[in-house]
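Read through the structure below, which is laid out as structure tokens, and then see the notes.
All values below come from the heavy atoms of this structure, side chains included, with hydrogens, waters and symmetry mates left out.
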Amino acid sequence: MQVSEQRQWDRLMQMAQLGAIPGDGVNRAALSDLDHQSRRLLLSWALPLGLAPSVDALGNLFLRHEGTDPSLPPVLAGSHMDSQPKGGRFDGIWGVLAALEAVQAIREAGIATKRAIEIVAWTNEEGGRFAPGCMGSMAFSGYRPPGTWDDVKDKDGLRFGDELARLLAAEADIPRRPLGFTPFAYVEPHIEQGPLLEAEGLDIGVVTGIQGSRWFLVEIAGKTDHAGTAPLSLRQDAVQDMLRAITALNALTADPEDVLRFTVGRVEVFPNSSNTVADLARFSIDLRHPDAAVLTARGDAVAATVQGAMVKCRATVTETFNALPARFDPMVQDATEAAARRLGLGINRMPSGAFHDAQFLVPLCPSGMIFIPSRGGISHHPAEYSTPGQVANGAAVLAGVLVDLADADPRIPA
């Protein structure tokens, strides 16, 4: 098998034009017109190869390379095509195009695998337009019912359910498939989004698992007053109580080992006037840790910590997302390491700090991820970059993994 470095790079750069923003970045929101265009561009490359497309009720897009025994469950590989609002050219989309390149290399080499290989592009992994992320993979795996997020709105008030229906109507020419099935295995190629591979001069990350995540929305209700006339002692200032809450949360999540991740990434203040006391402050919490016990204990204490910080206002804390840490299957890890070793590439077994669609496939089938280096560890930013050689290495390793898994003997349950 020979992957084409130039072909894969050209496809990445063509995709990067859909939603291009200054600084070589990309803004391609889930279920947007640009998302639809990117899917059509993907199909323009896949259909001439003979790959069979299908789409499910959540808009997850599949491209099937048939195996010699269609009765066997397929091996699934891919990632997502949506980006952060100020994202880069590689996060997510490289995983889909790496799977396409790997399958094309397999076909061009004339290799017939026992199991089918299906490329997948998951719907709304980023959550940048509709929160939370990973909706497509969560519904596919049965982690959440498919209608869970229909009423979630974007910043313009558009509903996820309506925008999904609009996308599916525009893709009425693509055959529909039932939502969910049990693959033989799942492999997700992705940029590392961290500095370790680059710092160590290594080529491939064999991902051992993903740390858990809990997300919360905090809303603090106060009372609007005139900034020049209302005495401080009488104010119900939502911003001041928000600051007290965040200070208390910083104390709750303090970790001398710097493993726990606590982030307030979004803040909204109303009425958002410079000479008016705020009557509502809203902020997000992103809490992550690789140990389920730690994540559970700290996360369970969030609401009480916020309530205890209130002096003049009322707080409401809503948990919007909860995913415990995931451990990837040794079969997929070993297949990845073996494929990289055959190519003479340096590897590191490492966990993922970011969450990915692969997290939700773990209960369904043996799952894993392949990382390639990210320059400077930068991601979710226009400066995100991996070299043509690095993305080619990743696709070559993936091709080897897919052939090995697609021909593997069925696993005997322990």
Practice task
Would you give the length of the straight line joining atom CD1 of Ile117 to atom CG of Leu63, rounded to the nearest 0.5 angstrom?
Solution key: 12.5 Å

Completion exercise
Interatomic distance, CD@Gln17 vs OG@Ser38, rounded to 0.5 Å, equals 13.5 Å

Handout entry: Inter- and intrachain pairs under ring-ring contact (aromatic ring centres under 6.0 Å, His included), touching residues 145-181, at least two apart
Key = Phe130-Phe160, Phe140-Phe181

Problem - Audit row: Val218, Thr316, side-chain contact (heavy atoms from CB on, under 4.5 Å) steps and yes/no - result: CA-CA 6 Å; Val218 180; Thr316 302; over 6 Å; no

Problem - Pairwise side-chain contact, Ile246 with Met242, heavy-atom cut-off 4.5 Å (strictly under) - result: yes

Exercise for the section: Sequence neighbours left out, what pairs pass side-chain hydrogen bond (donor to acceptor under 3.5 Å, both in side chains) with at least one residue falling in residues 238-248? Expected result: Asp241-Arg244

Practice task
State, with a plain yes or no, whether a side-chain heavy atom of Val3 is found less than 4.5 Å away from one of Gln8.
Solution key: no

Exercise for the section: Apply the test side-chain contact (heavy atoms from CB on, under 4.5 Å) to residues Asn348 and Phe371: give CA-CA distance (whole Å), side-chain angles for both, the deciding distance (0.1 Å), then the verdict. Expected result: CA-CA 9 Å; Asn348 182 19; Phe371 277 173; over 6 Å; no

Exercise for the section: Mind checking side-chain contact (heavy atoms from CB on, under 4.5 Å) for Ser79 and listing every partner two or more places apart, or none if nothing turns up? Expected result: Val96, Glu188, His190

Practice task
Determine whether the side chains of His289 and Asp291 contain a donor N or O and an acceptor N or O closer than 3.5 Å.
Solution key: no

Practice task
State whether a side-chain donor-acceptor pair under 3.5 Å links Gln6 with Asp10.
Solution key: yes

Handout entry: Pair Arg64 + Glu66: basic N to acidic O under 4.0 Å
Key = yes

Practice task
Please determine, by modelled atom types, if Thr224 and Asp279 share a side-chain donor-acceptor pair under 3.5 angstrom.
Solution key: yes

Practice task
Kindly write out the residues that satisfy salt bridge (Lys or Arg N to Asp or Glu O under 4.0 Å) with Glu200, not counting sequence neighbours, or none if the list is empty.
Solution key: none

Handout entry: Basic-acidic side-chain contact under 4.0 Å: Glu163, Arg159
Key = no

Exercise for the section: Could you tell me which non-hydrogen atom of Phe184 sits nearest to which non-hydrogen atom of Pro366, and how far apart they are? Expected result: O-CD, 3.2 Å

Fill in the blank from the handout: Hits for salt bridge (Lys or Arg N to Asp or Glu O under 4.0 Å) against Asp69, two or more places apart or cross-chain, chain-then-number order -> none

Exercise for the section: Report the C-alpha distance between Asp286 and Thr263 in whole Å, list the side-chain angles of each, state the deciding distance to 0.1 Å, and finish with yes or no for side chain to side chain donor-acceptor pair (under 3.5 Å). Expected result: CA-CA 5 Å; Asp286 184 316; Thr263 304; 5.3 Å; no

Handout entry: Candidates Met369, Glu198, Gln390, Met350 - the one meeting side chain to side chain contact (heavy atoms under 4.5 Å, CB included) with Glu192
Key = Met350

Problem - Sole residue of Asp173, Asp33, Asp35 in salt bridge (Lys or Arg N to Asp or Glu O under 4.0 Å) with Arg40 - result: Asp173

Exercise for the section: Please name all residues satisfying side chain to side chain donor-acceptor pair (under 3.5 Å) with Asp334, sequence neighbours left out, ordered by chain then number. Expected result: Arg349

Practice task
Just jot down the side-chain contact (heavy atoms from CB on, under 4.5 Å) partners of Ala303, sequence neighbours excluded, or say none.
Solution key: Val317

Problem - Under 3.5 Å side-chain donor-acceptor pair for His36 and Ser32 - result: no

Fill in the blank from the handout: Residues at least two apart in sequence or cross-chain that pass side chain to side chain donor-acceptor pair (under 3.5 Å) with Lys86, listed by chain then number, are none

Fill in the blank from the handout: Hits for side-chain contact (heavy atoms from CB on, under 4.5 Å) against Arg327, two or more places apart or cross-chain, chain-then-number order -> none

Problem - Stepwise side-chain contact (heavy atoms from CB on, under 4.5 Å) test for Ile372 and Leu197 - result: CA-CA 7 Å; Ile372 60 170; Leu197 291 174; 5.6 Å; no

Handout entry: Donor on one side chain, acceptor on other, Gln104 and Glu108, under 3.5 Å
Key = yes

Practice task
Decide whether Ser379 and Glu384 meet the rule of one side-chain donor and one side-chain acceptor closer than 3.5 Å.
Solution key: yes

Handout entry: Heavy-atom side-chain proximity of Arg115 to Pro410 below 4.5 angstrom
Key = yes

Practice task
With sequence neighbours excluded, tell me which residues meet side-chain contact (heavy atoms from CB on, under 4.5 Å) with Ser213.
Solution key: Trp215, Arg288, Phe321, Phe355

Practice task
State, yes or no, whether a side-chain contact exists between Ile220 and Arg282 at a heavy-atom distance under 4.5 Å.
Solution key: no

Fill in the blank from the handout: Rounded to the nearest 0.5 angstrom, the CG-CG distance for Leu168 and Leu31 is 8.5 Å

Problem - Minimum-distance pair of heavy atoms, taken over all atoms of Val267 and Val264 - result: CG2-CG1, 3.9 Å

Practice task
Give a yes or no on whether a salt bridge exists between Asp225 and Lys223, defined as a side-chain N under 4.0 angstrom from a carboxylate O.
Solution key: yes

Practice task
May I ask you to decide if Gly377's main-chain N or O and Ser374's side chain share a donor-acceptor pair within less than 3.5 Å?
Solution key: no

Exercise for the section: Please tell me if the side chains of Val120 and Leu61 come closer than 4.5 Å, counting only heavy atoms from C-beta onward. Expected result: no

Handout entry: Any donor-acceptor N or O pair under 3.5 Å, side chains Asp91, His380
Key = yes

Practice task
Please assess Glu118 against His65 for the test side-chain contact (heavy atoms from CB on, under 4.5 Å), listing each intermediate value before the final yes or no.
Solution key: CA-CA 6 Å; Glu118 292 201 347; His65 161 73; over 6 Å; no

Handout entry: SG on Cys134 to CG on Asp357, rounded to 0.5 Å
Key = 4.0 Å

Exercise for the section: Compare all side-chain heavy atoms of Arg89 with those of Tyr385 and state whether any distance is below 4.5 angstrom. Expected result: yes

Problem - Electrostatic pair Arg28-Asp82, nearest N-O below 4.0 angstrom - result: no

Exercise for the section: Identify the heavy atoms of Ala278 and Pro271 that sit nearest to each other, and give their distance. Expected result: CA-CD, 4.2 Å

Handout entry: Point-to-point distance, once rounded to the nearest 0.5 Å, from CG of Leu405 to CE of Met331
Key = 5.5 Å

Handout entry: pair Ile204-Leu202: side-chain heavy atoms closer than 4.5 Å
Key = no

Practice task
Please identify each residue that fulfils salt bridge (Lys or Arg N to Asp or Glu O under 4.0 Å) with Asp56, with sequence neighbours left out.
Solution key: none

Handout entry: Minimum heavy-atom distance Lys114-Asp407, with the two atoms named
Key = N-OD1, 2.8 Å

Practice task
State whether a side-chain donor-acceptor pair under 3.5 Å links Ser54 with Arg177.
Solution key: yes

Practice task
Would you mind checking if Arg314 and Glu219 are paired as a salt bridge, meaning a charged N to carboxylate O distance below 4.0 Å?
Solution key: no

Practice task
Could you tell me the separation between the SG atom of Cys313 and the CD atom of Gln236, rounded to the nearest 0.5 Å?
Solution key: 6.0 Å

Practice task
Specify the closest pair of heavy atoms between Thr182 and Pro73, including all atoms of both residues, with the distance to one decimal.
Solution key: O-CB, 3.5 Å

Practice task
Compare all side-chain heavy atoms of Val332 with those of Ser367 and state whether any distance is below 4.5 angstrom.
Solution key: no

Practice task
Please name all residues satisfying salt bridge (Lys or Arg N to Asp or Glu O under 4.0 Å) with Asp300, sequence neighbours left out, ordered by chain then number.
Solution key: Arg214

